[in-house]
Amino acid sequence: MTVFPQDRPGPVVFLGGGPGLAVAYAADPLRRAGFAEGWAFFEQPGCGDSAPPDPVTAQTVLDAAATLVAERAEEGAVSLVAHSWGAWLALALLDRLPPGRIARAVLLHPAPPTRAGRDAGVAALFARLSPEAMGRAAPLMARTDAEAGRAIMAILLPAYCGRPTDLPDFDLALVPPVYHGVSASLGDDDQRGILAAHAGRLTLVFGEADVFSHDLYAQHGGVPAGLDVATLPGGHFGFLEDVAGFEAILRRRGVI
């Protein structure tokens, strides 16, 4: 095994949101920023060009993510950068993989670590929609085609942002069968014990205008004493609104 100098950052794996969101929404703008060119961007099975498993469940997505992280860990302890629902994956990987595989996990605009917390966040998100937008979104939620997935995200994006924004052009391509399959398989999961056990290796980053806020996370998951917390301006995609601020957070913590 190759041994890297102590001051050289290890490999980084990015875990996207959804579930069922093709990772290009983050990979494309972050690679253009320059600092993420060497990152591995995990594509959830069934999204992008990856083949869907049968069935699509939280476990099949976790299995695929664990395989990728284990491969990258051959180069050194991995730092996870996880957005939104990707925080569930990051915590599950911390719980599953042997010590030494993961150096740190940075959770961007994280969904709370309980089912009740995630449901509360989704309810707050939909509460930001106008009745007209809700009327357009409702029939789309029952469809399974890619066009419907993109249309849903276009309707939801202003609610996710919470205020006017100058986000870069990006492709929010939700894959409904993956979203529904993973969501149905999660049940009443609770990751608060994992959060507490690995608090020393975690950084949580919240957006000032995000419905998935620090207060929501604290209410439904608790924030262990000493947990590293940072804030970015903007909403649920604040790390793309302020890429320089996001980069600074990673550099201060030795991720890059």
Side-chain angles (χ1 to χ4, degrees), residues 9 11-44 47-48 65 79-90 104-112 118 121-122 124-125 128-129 146 149-175 178-179 202-214 216-217 228-256:
V12 177
V13 173
F14 185 94
L15 307 169
L21 201 57
V23 79
Y25 79 94
D28 292 346
L30 291 181
R31 283 175 175 147
R32 288 196 298 268
F35 62 84
E37 290 179 342
W39 292 12
F41 287 85
F42 171 65
E43 192 74 90
Q44 296 173 43
C47 298
S79 289
L80 303 177
V81 178
H83 175 235
S84 189
W85 180 80
W88 182 92
L89 270 180
R104 187 161 200 86
V106 178
L107 310 184
L108 303 169
H109 316 290
R118 291 195 300 276
V122 171
L125 178 70
R128 288 183 170 182
L129 294 179
R150 282 188 169 89
I152 290 167
M153 294 307 297
I155 294 169
L156 291 177
L157 185 57
Y160 272 120
C161 293
R163 65 186 188 190
T165 179
D166 56 353
L167 276 167
D169 290 336
F170 64 159
D171 185 12
L172 286 175
L174 183 73
V175 182
V178 178
Y179 174 83
L202 292 171
T203 296
L204 273 59
V205 182
F206 296 98
E208 292 175 351
D210 194 1
V211 293
F212 290 91
S213 63
H214 180 278
L216 179 74
Y217 202 96
D228 181 35
V229 175
T231 303
L232 285 170
H236 199 59
F237 297 91
F239 72 106
L240 297 178
E241 295 181 66
D242 183 9
V243 174
F246 171 44
E247 180 181 358
I249 287 172
L250 298 179
R251 290 196 184 282
R252 283 196 294 268
R253 288 153 182 86
V255 174
I256 57 175

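The chain is numbered in sequence order, starting from 1.
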- Enter the distance from Thr231:OG1 to Leu204:CG here, rounded to the nearest 0.5 Å. 10.5 Å

- Query: How many angstroms lie between atom CG of Leu172 and atom OH of Tyr160, to the nearest 0.5 angstrom?
  - Reply: 9.0 Å

- Message: Just verifying a value: how many Å separate Leu108 CG and Leu240 CG, rounded to the nearest 0.5 Å?
- Response: 9.0 Å

- Message: Looking at Arg104 and Asp228, is there a salt bridge between them, counting it only when a charged N and a carboxylate O are closer than 4.0 Å?
- Response: yes

- Nearest heavy-atom pair of Leu216 and Gly121: which atoms, and what distance? CD2-CA, 3.7 Å

- Message: With heavy-atom distances below 4.5 Å as the criterion, would you say the side chains of Arg150 and Asp171 are in contact?
- Response: yes

- Looking only at heavy atoms, what is the nearest atom pair of His214 and Val229, with distance? CD2-CG1, 3.9 Å

- Message: Checking Phe170 against Leu157 for the side-chain contact (heavy atoms from CB on, under 4.5 Å) test, could you report, in this order, the C-alpha distance in whole Å, the side-chain angles of both residues, the deciding distance, and whether it holds?
- Response: CA-CA 11 Å; Phe170 64 159; Leu157 185 57; 4.2 Å; yes

- Query: Just wondering, are more than 12 heavy atoms of other shown residues or ligands nearer than 6.0 Å to CZ in Phe246?
  - Reply: yes

- Looking only at non-hydrogen atoms, find the nearest pair between Ile249 and Ala230 and report the distance. CD1-CB, 3.9 Å

- Sequence neighbours left out, what passes ring pair (Phe, Tyr, Trp, His ring centres under 6.0 Å) with Tyr217? Give chain and number order. Phe206

- Message: Ring-plane angle category for Trp85 and Trp88, please: parallel below 30°, perpendicular beyond 60°, tilted otherwise.
- Response: parallel

- Out of Val81, Thr203, Leu202, which residue meets the side-chain contact (heavy atoms from CB on, under 4.5 Å) rule with Leu107? Leu202

- Query: When the ring planes of His109 and Phe239 are compared, do they come out parallel, tilted or perpendicular, using 30° and 60° as the limits?
  - Reply: tilted

- Please work out whether the ring planes of His236 and Phe212 are parallel, tilted or perpendicular, with thresholds of 30° and 60°. tilted

- Query: Looking only at heavy atoms, which two atoms of Val178 and Gln44 are closest? And how far apart?
  - Reply: CG1-OE1, 4.2 Å

- Item | Distance in Å, Leu129 CG paired with Ile155 CD1, rounded so as to fall on 0.5 Å steps | 8.0 Å

Can I get a per-line list of side-chain donor-acceptor pairs under 3.5 Å for residues 15-34, giving both atom names and the distance, sequence neighbours left out?
| from | atom 1 | to | atom 2 | distance (Å) |
| --- | --- | --- | --- | --- |
| Tyr25 | OH | Gly17 | N | 3.0 |
| Tyr25 | OH | His83 | ND1 | 2.7 |

- Task: Please report the closest heavy-atom contact between Gly254 and Pro9, naming both atoms and the distance.
- Result: O-CB, 3.9 Å

- Query: What are the two closest heavy atoms between Ala154 and Pro158, and how far apart are they?
  - Reply: O-CD, 3.5 Å

- Query: To the nearest 0.5 Å, how far apart are CD in Glu241 and CZ in Arg163?
  - Reply: 6.5 Å

